[in-house]
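Proteins come first, then strands; the chains are lettered A, B, ... in the order of their sequence lines, and each starts at number 1. Quantities reported herein were computed from a predicted structural model and do not represent experimental measurements.
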Amino acid sequence: MDKKLILIDGNSLFFRAYFATAYSGNLMHNKAGLHTNALYGFSAMLMKILDEHQFTHLFVAFDTGKKTFRHDQFEHYKAGRKATPPELLEQFPYVFRILNAARVAHFSLSGYEADDLIGTYAKRAEEQGFEVQILTSDRDMLQLISDKVTVRLTKKGLSELEDNTPAMLQEKYQLTASQIPDLKGLMGDTSDNIIGIPGVGEKTAVKLLGQYGSIEGIYEHIDELKGKQKERFVEYEDLAFKSRKLATIETNVPVEASVEDMKYDDVDAVALTEIFQELDFQSFIKKLNLRQSVLEQNGTDESMGGLLEGLEESNELLVVDKITADMLPDNCALTVEIPTSNYHQAHVEGFAVVNETTRFYVPFMIAKKSEAFLAWLADESKQKAMFDYKKATVGLEWHDIALNGASFDLMLAGYILDSTYTQDEIAPLAASKGYDVAFVENIYGKGAKFAVPETPVVAQYAIDAAHAVWYLKADLENELKANGQYELYQDLEMPLAHVLGDMEFAGIHVNRKTLDNMSDDMEARIGKLEANIHELAGTDFNIGSPKQLGVILFEKLGLPVIKKTKTGYSTAADVLEQLRTAHPIIEDLLMYRQLTKLKSTYIDGLRNVIFDDGKIHTIYKQAQTSTGRISSIEPNLQNIPIRLEEGKLIRKAFEPSDKERWIFAADYSQIELRVLAHIAKIPALIDAFKHGRDIHTETAVRVFEVEPDEVTSNMRRQAKAVNFGIIYGISDFGLSQQLGIPVAQAKQFIEKYFQSFPEIKAYMKETIGYAREHGYVKTLFDRKRYIPEIRSKNYNERSFGERAALNAPIQGSAADIIKFAMIEIERAIEAEELQSKLLLQVHDELIFDVVDSEKDRIAELVSEKMEAAVTLDVPLKVDYAFGRTWYDAK
DNA sequence: GCGAAGTA
DNA sequence: TACTTCGC
């Protein structure tokens with residue numbers, strides 16, 4: 001490659017990286033609470049440049065932040081600039097650490113700005129025959145353009161770059177590079193507080209420079225100007241020249257380092273990984289990782305071998321084609337390679353088995369024919385440390401292979417230690433402890449590029465993964481014990497994974513015909529609504545596009561704008577609701593929205609995921625939510641409609657596995673409020689629950705200070721909303737949105753609520769104090785949620801942290817409770833050899849497939865186990881019902 | 001509030 | 001990616 005120098009304007013890009021994301025609300029931060037958005041944007045740009053590797057020399061210039069020669073010459077220079085936000089300031093030291101680790105030349109020089117350093121090196125490098133590229137978001141830099149120097153300006157954000165050459169400058173501004181300072185001298189630059197000639201903007205300046213070439217040229221022909229314009233130019237002559245001088249980049253800064261000092265070699269991958277780890281930049285670690293493996297494969301850089309500790313041992317790679325009993329250990333780590341994320345009816349690639357004395361990979365084709373291996377897999381007494389053992393167990397169950405003896409699950413252990421750790425792969429967790437494991441995406445690709453590579457590649461990965469699991473086991477178990485969380489992990493999450501796996505594999509029967517009929521019906525109704533809406537709008541447009549809909553409603557029909565989004569008008573349901581009386585089109589729109597959602601997400605969505613066995617097999621994610629709840633994907637069976645009758649009909653398609661059987665649904669009544677009453681020790685609520693009184697009415701009585709028989713339905717509705725607000729941790733703003741009332745009134749409601757239940761106020765104070773001190777909060781059963789935001793200096797962030805601190809113990813404890821119940825119920829069903837099965841969990845509700853003869857026993861057993869799952873100061877109450885479909889079990 | 005999913 | 005909507 002010819003000599004090529006890239007010059008990066010560190011200050012301008014770092015600021016741009018910050019402000020490009022700072023306005024979007026929540027700033028990124030790492031686990032320690034440090035803001036990281038600017039570092040993220042900057043690192044992304046740096047990694048991209050390094051990846052493309054289109055250069056030989058590289059330099060990043062910074063300002064010193066101190067006075068420069070420009071301030072000395074002109075007192076107003078850069079006056080009126082807002083102070084740098086503390087959220088940005090705190091990120092600065094890390095930029096230098098990142099650049100050091102990436103081994104990129106960088107410095108600043110007292111008395112000069114980054115521009116001047118870049119100007120100086122651009123000129124020198126050009127003279128030495130370099131091709132030069134300048135990366136900046138500062139348009140002033142355009143003056144440095146030449147045949148050998150291009151300026152890449154950031155467009156929106158940091159990812160889009162625009163190359164500027166002399167020809168492009170001519171085309172866009174009809175100016176040469178050397179005329180840029182003249183342009184600034186005339187029109188000024190508000191960002192640097194360069195004044196220019198008042199009343200002269202870009203248009204005038206470009207026109208005059210086109211005519212006369214420079215500021216000097218203009219003044220030579222000053223008599224050709226007329227009237228007011230001439231007066232201005234005469235009056236501000238001095239200012240024009242001074243402004244130009246300020247806008248002119250210095251190209252003769254007395255710098256010590258030579259261009260040759262900027263020659264680039266390569267990153268220090270270990271150091272860089274370490275910093276990215278500290279910043280929680282997993283995607284960059286992934287990139288570095290991939291870069292390393294490419295380097296290693298090409299063998300171009302020997303020093304890169306053994307990047308991280310623990311890698312040395314994985315050098316001997318053993319793919320076996322024969323298994324004997326003596327190869328199979330009593331205690332080891334096991335990885336079961338299932339390349340797809342959905343493991344139902346999925347392809348299994350192979351197994352890796354690792355401990356101190358064992359290390360081999362066996363392809364599935366061979367393993368499944370080995371009686372010794374199958375017996376070993378099934379043997380409960382052979383202990384296997386794994387990552388996501390539910391995936392392995394269910395994946396193998398589809399192939400009629402039993403897997404028992406899971407002694408450890410790295411995914412669950414990691415999640416219990418930190419519920420914000422929700423990766424479903426080994427690499428990040430392994431890397432944080434110094435083990436090098438590839439990312440799944442780098443082995444198998446994703447999307448259209450998904451492919452299973454050669455066996456040795458998979459084998460290496462599977463062995464690395466097993467290796468990490470094996471050596472991390474003791475570490476994480478010790479951490480769990482030290483944190484008092486071992487029981488939660490061992491007695492709750494581990495057995496729960498088994499229960500969830502059984503539920504997933506069992507699946508729930510869904511009647512395709514029922515859905516087909518609904519789909520046809522919907523299609524007809526949606527067609528009619530669509531025609532009606534187009535008719536009422538007076539034009540055809542895409543109703544599903546919020547953008548197009550906004551134009552129709554608020555421009556064509558002139559309806560009042562209630563709410564705006566970042567990019568335009570909001571057309572959300574609550575907005576449309578308020579416009580209901582304003583135009584007949586709204587009614588149809590709301591119905592259209594409702595029906596298209598039902599059809600696409602639920603009717604068609606569910607039809608697409610029915611397996612050959614006529615059932616839907618969801619996957620429960622056990623290490624996903626920050627509160628400890630489980631979530632359900634492909635499909636999500638935890639958000640099947642229930643509130644509106646129209647949607648609720650979907651549930652008619654969910655049937656038992658046999659027409660003699662029943663769907664049984666049992667749900668906790670008000671579990672979160674009961675947990676709140678218990679945790680915050682609220683006598684009024686505890687008493688109400690003990691005596692079975694209506695809790696929302698009870699709340700209304702206290703908040704509105706009326707007698708129980710005076711509570712109107714509206715009062716109860718509002719009290720209920722506040723109760724929910726507490727449970728879901730919403731803000732006064734959220735509550736105001738919910739109830740359609742002013743924020744101030746919502747705030748009042750909340751205050752009144754606290755006065756009514758002073759124990760809640762005490763609980764809040766205590767919990768927030770605890771969170772601030774420890775950085776996390778805990779549930780009744782020691783599930784932790786880390787909340788770095790609680791220490792934020794930013795009000796919105798801190799408020800979010802406080803709400804999370806209050807909410808997590810409540811929601812999380814409720815999640816713990818139903819998990820205990822599920823384990824107990826499954827044990828009882830097994831012990832009594834019942835044929836009925838637990839199928840679904842919807843946060844506070846369990847759904848079963850029940851044999852007719854077991855109806856009474858299941859109802860008794862389930863409600864008992866659920867109510868007795870834990871003992872609190874309030875009773876737990878369970879409601880239940882049977883039906884021939886899920887719809888009817890109400 | 002969170003999490004999943006569909007559409008543009 | 002942004003917006004919308006479903007559940008708890």
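For Pro546(A), the side-chain atoms get nearest to dC3(C) when compared with the rest of dT5(C), dC3(C), dC2(B). Out of dA2(C), dC8(C), dG1(B), the shortest distance to the side chain of Thr567(A) is found at dA2(C).
Among the heavy atoms of the strands, none lies under 4.0 Å from Asn807(A). Within 4.0 Å of Ala804(A), counting heavy atoms only, lies no atom of the nucleic acid at all. The residue Arg643(A) sits close to a base: some heavy atom pair falls under 4.0 Å. Ile633(A) comes within 4.0 angstrom of the backbone, heavy atoms only, and of no base. Residue-level contact check: Glu672(A) touches neither bases nor backbone, having no heavy atom under 4.0 Å from any strand. No contact: Leu598(A) has no heavy atom under 4.0 Å from any strand. Counting non-hydrogen atoms under 4.0 angstrom, Ser626(A) reaches the backbone sugars and phosphates but no base. Among the heavy atoms of the strands lying under 4.0 Å from Glu634(A) are primed sugar atoms or P, OP1, OP2 only; no base atom is included. Among the heavy atoms of the strands, none lies under 4.0 Å from Ile727(A). Ser570(A) comes within 4.0 angstrom of the backbone, heavy atoms only, and of no base.
If you take OH of Tyr592(A) and P of dG6(B), they are 16 Å apart, rounded to a whole angstrom. Between the P atom of dA4(B) and the CG atom of Asn342(A) lies a distance of 14 Å, rounded to the nearest Å. Regarding Ile810(A), its CD1 atom lies at a distance of 18 Å from the P atom of dC8(C), rounded to whole Å. The distance between atom OH of Tyr602(A) and atom P of dA5(B), rounded to the nearest whole Å, is 10 Å. Going from atom CG of Leu595(A) over to atom P of dG6(B) covers 18 Å, rounded to whole Å. The interatomic distance linking Gln738(A) (CD) with dT5(C) (P) rounds to 14 Å, in whole Å. Rounded to an integer number of Å, the gap from Lys564(A) NZ to dT4(C) P is 13 Å.
Toward the 5' end of DNA chain B, the nearer of the two residues Gly729(A) and Lys621(A), judged by each one's closest nucleotide, is Gly729(A).
In the model, Asn511(A) has a side-chain atom that pairs as donor or acceptor with a side-chain atom of Glu655(A) under 3.5 Å.
In this model, a side-chain donor or acceptor of Arg629(A) finds a partner on the base of dC8(C) within 3.5 Å.
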